[in-house]
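Residues: numbered from 1 along the sequence shown. None of the values given here were measured: they were computed from a predicted structure.
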Amino acid sequence: MQPFELPEFYLPWPARLNPHLESARKNTKAWSCEMGMLAPESDEGSHFTWSEKEFDSHDYALLCAYTHPDAPSRELDLVTDWYVWVFYFDDHFLEHYKRTGDLAGAREYLSGLRAFMPAQPTNTAPRATNPVEWGLADLWARTASGMSADWLARFAESTQNLLEDCVWELTNITQDRVPNPIDYVEMRRKVGGAPWSADLVEVANGVEIPPAVAAARPMRVLKDTFADGVHLRNDIFSYQRETEEEGEVNNGVLVMERFFDSTPQQAADLTNDLLTSRLQQFEDTALTEVPPLCDENGLDPVARASVLTYIKGLQDWQAGGHEWHLRSSRYMNDGAVTKPASVLGGPTGLGTSASTLLLSRATPGLRHRSQRHAHAPMQPVGHLPLPELYMPFPIRVSPHLDAARRYAVGWAREMGMFDSVPGVEQGGVWDQRRFIGFDFAHCAAMIHADASPDQLNLSSDWLAWGTYGDDYFPLVFGATRNLAGAKLCNDRLSAFMPLDAGAVPEPTNPIERGLADLWRRTAGPMTMSARQQFRTAVEDMTSSWLWELANQAQHRIPDPVDYIEMRRKTFGSDMTMSLSRLAQSDVVPAEIYRTTVIRELESAAQDYACFTNDLFSYQKEIEFEGEIHNIVLVVENFLAVDRLKARDIVADLMAARMRQFEHIIADELPVLFDQYALTEPARRGLTRHADELKEWMSGILEWHRRCVRYTEAELQRNRTPNVGHRSAADGDRQAVRRLLSGPSGLGTSAARIASSRGTGHSAPGPW
């Protein structure tokens with residue numbers, strides 16, 4: 001019996017079948033035999049092999065004919081062989097390493113496969129000794145001849161991630177540890193292979209993404225949402241086989257089942273909801289972010305056509321992949337083909353079947369899309385009582401705190417942060433009283449407790465500057481929906497961070513003035529590579545403010561995964577962590593910070609800190625600012641639960657990320673030390689980095705508990721006219737926000753859903 005009924009899937013694109021299917025079946029079967037992957041059942045052999053019956057029932061050629069319906073015969077054969085190889089690798093790895101728990105052997109085996117993927121031609125190719133290596137060597141040679149070096153580098157990275165991060169899956173299995181939802185979605189992209197599949201879409205369609213845009217956010221999001229859609233769908237169909245036959249713990253349905261303590265049916269439905277959300281994020285990105293990206297980079301018609309062909313290829317893959325899952329013997333699919341789909345009305349009668357089909361295929365998407373746009377802003381929500389938050393690390397405070405507090409006020413005044421600015425004519429973004437209450441020096445004194453006086457001042461000023469910018473953008477540009485002005489303002493900021501540490505333009509506002517001063521004080525002692533790394537971190541944070549404004553203009557509550565990943569940028573996490581890393585740059589090799597272990601360590605800490613801010617700022621953002629960028633609201637909206645249930649889920653996510661952080665330090669860092677044979681100074685440097693992350697999280701939590709920025713009294717003071725030293729602009733801001741929120745009262749719900757409104761902002765970090 002199946003453990004659950006397959007849910008109603010969101011299918012926005014029709015599946016089509018490549019006419020070269022039979023040719024691909026014949027050619028890939030011959031190739032599989034030649035590579036030693038396929039053998040008669042009576043032939044045991046010295047390597048793991050598929051039986052002919054098993055190979056035929058899986059029908060990988062059908063998968064590729066569905067996922068690449070427009071590929072010419074030669075390209076379809078090549079891509080089909082790649083898929084046969086990757087599925088064989090998966091089964092081979094299961095047989096030799098997952099079932100045996102041979103972690104050390106797996107690491108050695110996977111590391112050796114790198115040599116079969118040279119980015120440049122080489123005369124020193126290693127000798128292949130098994131079907132995985134024979135197949136990889138053959139496929140790489142056939143593919144490299146037709147693709148650019150830029151594409152080969154991207155594809156090699158995707159293939160290497162697919163292979164080497166299988167150790168993550170194996171480690172979870174040997175420890176019987178089901179990952180938390182955030183860790184699972186991010187790691188599944190790599191081990192599941194869909195980014196690798198996305199690269200092969202270019203091969204199948206005879207195009208390449210222009211290098212100028214390949215690394216930009218829109219293209220990255222397209223690839224990530226494509227990958228998440230492919231993997232979450234596969235997890236639903238493969239749940240029974242993986243949990244009942246293979247002892248697998250790395251499955252999205254199981255992850256949801258364990259985290260939410262739910263039934264398999266509830267977990268499958270929730271996984272399908274996330275799948276729908278990711279596909280809609282794909283659509284939103286393709287329609288609203290890709291065209292401006294092409295314009296900004298001046299792509300010619302041929303390059304634009306390549307991008308559009310690539311996007312269409314990803315859509316074809318989603319549709320075809322679903323169709324193949326319905327037919328392959330590899331998966332649980334009973335009842336899926338014949339299950340009736342619900343229809344939201346629509347025409348009936350003779351000749352209307354096509355329109356009915358389109359409505360039925362899109363029904364889950366209609367529900368989710370309307371839900372994401374239906375939030376009414378500025379609703380009274382009251383104070384959000386907070387649960388006990390898991391924090392195992394102590395707090396330390398710099399002895400230079402008092403001096404840093406005195407310095408911070410003078411610096412902010414000198415930068416013009418208390419002055420009137422265009423767009424906020426009757427007052428500044430802040431006044432001195434509010435700034436003192438924010439107490440950024442206190443936060444800096446806890447997250448950098450060992451800093452010298454000058455270093456502490458610098459850290460405090462960066463926190464102030466980041467928060468000022470995050471408050472400035474929605475006030476100056478959000479109220480008027482001036483996204484073009486916001487982009488121009490953001491584009492100018494890079495000029496105040498010259499890599500040669502040379503002259504900068506004349507600053508025109510407090511953001512530019514503050515950045516110019518901070519860059520001079522920070523970048524001077526840096527190496528060129530360190531400057532580049534740090535500038536990128538700052539640019540990521542400031543550009544994320546534009547992402548928030550765009551969502552706000554469309555009144556679109558973010559997709560949960562996109563929100564979490566962008567929240568790390570709006571919070572300024574990479575920027576503050578980059579400052580921390582610089583102290584270890586001389587002893588820790590740069591590539592170590594790019595390893596999965598360190599990236600997972602840092603992202604776990606980032607999520608804990610970001611969610612801390614969202615819990616404390618919930619009333620401020622939802623009730624007083626009309627904000628939609630808050631993890632509590634995102635969970636409320638996605639799961640259709642009240643704020644208290646959403647709060648508890650967020651607290652559980654924080655605890656899960658903290659326990660993952662502890663697990664990495666206890667179990668994975670020591671393995672990393674040995675795997676890379678790190679020197680003793682490098683080991684101490686990484687250990688110190690981990691300790692700094694502990695203080696970063698505990699300091700941020702304590703700062704939120706002590707800071708007046710999120711208290712109801714402070715929020716009411718800034719809303720109520722003529723109270724204390726409130727600037728005249730504060731009352732005007734609230735009036736503008738409410739005016740732009742649209743009509744209210746009986747009969748206005750449709751207008752609220754249809755309009756774009758709300759000008760709030762989320763507090764990025766630094767918060």
Side-chain angles (χ1 to χ4, degrees), residues 372-386 429-430 434 437-438 466-475 477-479 541 544-545 547-560 562-564 566-572 607 609-638 642-644 646-647 649-651 653-654 700-701 703-705 707-719 730 733-738 740-741 756-767:
R372 289 176 64 191
H373 290 269
H375 171 68
M378 311 295 289
Q379 295 298 305
V381 295
H383 171 68
L384 182 67
L386 298 184
V429 175
W430 293 339
R434 292 185 70 197
F438 294 162
T467 310
Y468 181 89
D470 186 54
D471 284 358
Y472 178 96
F473 267 71
L475 284 174
F477 304 111
M541 181 180 73
S544 71
W545 299 338
W547 170 81
E548 288 184 313
L549 289 177
N551 279 336
Q552 205 77 44
Q554 298 174 47
H555 194 68
R556 182 181 64 203
I557 295 178
D559 159 81
D562 194 42
Y563 175 78
I564 290 170
M566 287 300 293
R567 186 67 176 104
R568 297 167 190 163
K569 298 181 184 299
T570 64
F571 195 72
D607 292 343
C610 293
F611 296 167
T612 295
N613 175 257
D614 285 0
L615 284 173
F616 279 86
S617 64
Y618 178 80
Q619 182 182 16
K620 167 182 173 288
E621 294 179 341
I622 307 306
E623 178 177 340
F624 288 81
E625 298 175 349
E627 181 54 82
I628 57 175
H629 298 95
N630 183 290
I631 188 62
V632 180
L633 180 65
V634 169
V635 171
E636 278 185 81
N637 183 264
F638 179 71
D642 63 33
R643 68 188 184 113
L644 297 181
R647 171 206 65 186
I649 291 171
V650 171
L653 280 171
M654 291 173 64
I700 286 171
L701 176 58
W703 179 78
H704 279 84
R705 286 172 171 160
C707 181
V708 303
R709 181 175 169 90
Y710 310 104
T711 63
E712 189 162 16
E714 177 71 7
L715 297 173
Q716 292 290 357
R717 187 185 74 85
N718 292 321
R719 168 182 284 179
D730 290 327
R733 293 173 199 148
Q734 300 298 335
V736 169
R737 283 174 174 148
R738 291 188 179 279
L740 291 173
S741 295
S756 295
R757 60 210 181 271
T759 61
H761 60 289
S762 79
W767 38 91

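The shortest side-chain heavy-atom distance between T711 and L715 does not fall under the 4.5 Å cut-off. With contacts defined as side-chain heavy-atom distances shorter than 4.5 Å, the pair H555/H375 qualifies.
Under the salt bridge (charged side-chain N to carboxylate O under 4.0 Å, His left out) criterion, R372 pairs with D284, sequence neighbours left out. For R643, there are no salt bridge (charged side-chain N to carboxylate O under 4.0 Å, His left out) partners at least two apart in sequence or on another chain. Under the rule for a ring-ring contact (aromatic ring centres under 6.0 Å, His included), the partners of F438 that lie at least two apart in sequence or sit in another chain are W430, F440. With sequence neighbours excluded, the residues forming a side chain to side chain contact (heavy atoms under 4.5 Å, CB included) with D562 are R217, V221, R278, Q281, W547, D559, M566, listed by chain and number. Residues satisfying the side chain to side chain donor-acceptor pair (under 3.5 Å) test with Y618, not counting sequence neighbours, are E636. L644 pairs by the side chain to side chain contact (heavy atoms under 4.5 Å, CB included) definition with L384, P385, D642, R647, not counting sequence neighbours.
For the atom pair Y710 OH and N613 CG, the distance stands at 4.5 Å (nearest 0.5 Å). Atoms CE and CD1, from M654 and I649 in turn, are 14.5 Å apart once rounded to the nearest 0.5 Å. Separating the NE2 atom in H704 from the CG atom in L615 is a distance of 9.5 Å, to the nearest 0.5 Å. Atom CG of L633 sits about 4.0 Å away from atom CD1 of I557, to the nearest 0.5 Å. Distance check, rounded to the nearest 0.5 Å: CZ of F611 to CD1 of I700 gives 13.0 Å. D471 contributes atom CG, which lies 9.5 Å from atom CH2 of W545 (distance to the nearest 0.5 angstrom).
Minimum heavy-atom separation, G478 to L549: CA-CD2, 3.9 Å. Nearest approach of H629 to E548, heavy atoms of both residues: CE1-O, 3.2 Å. Taking both residues in full, the closest heavy atoms of P558 and V634 are given as O-CG1, 3.9 Å, listed atom of the first, atom of the second, then distance.
In this structure a side-chain-to-backbone donor-acceptor pair under 3.5 Å is missing from H383 to E712. When atom types are taken as modelled, the side chain of Q552 and the backbone of G626 share a donor-acceptor pair closer than 3.5 angstrom. The backbone N or O of V381 sits less than 3.5 Å from a side-chain atom of E623, completing a donor-acceptor pair.
Ion pairing between a basic and an acidic side chain is recognised when a charged N comes within 4.0 Å of a carboxylate O; D607 and R567 show no such pairing. With respect to the salt-bridge test (charged N to carboxylate O, under 4.0 angstrom), the residues E625 and K620 qualify.
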Steps toward side-chain contact (heavy atoms from CB on, under 4.5 Å) verdict (F571, M541): CA-CA 7 Å; F571 195 72; M541 181 180 73; over 6 Å; no
Could you give me the CA-CA distance, side-chain angles and deciding distance for V650 and D614, then say whether side-chain contact (heavy atoms from CB on, under 4.5 Å) is met? CA-CA 9 Å; V650 171; D614 285 0; over 6 Å; no
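Looking at N630 and Y563, their side chains never bring a donor and an acceptor atom within 3.5 Å of each other.
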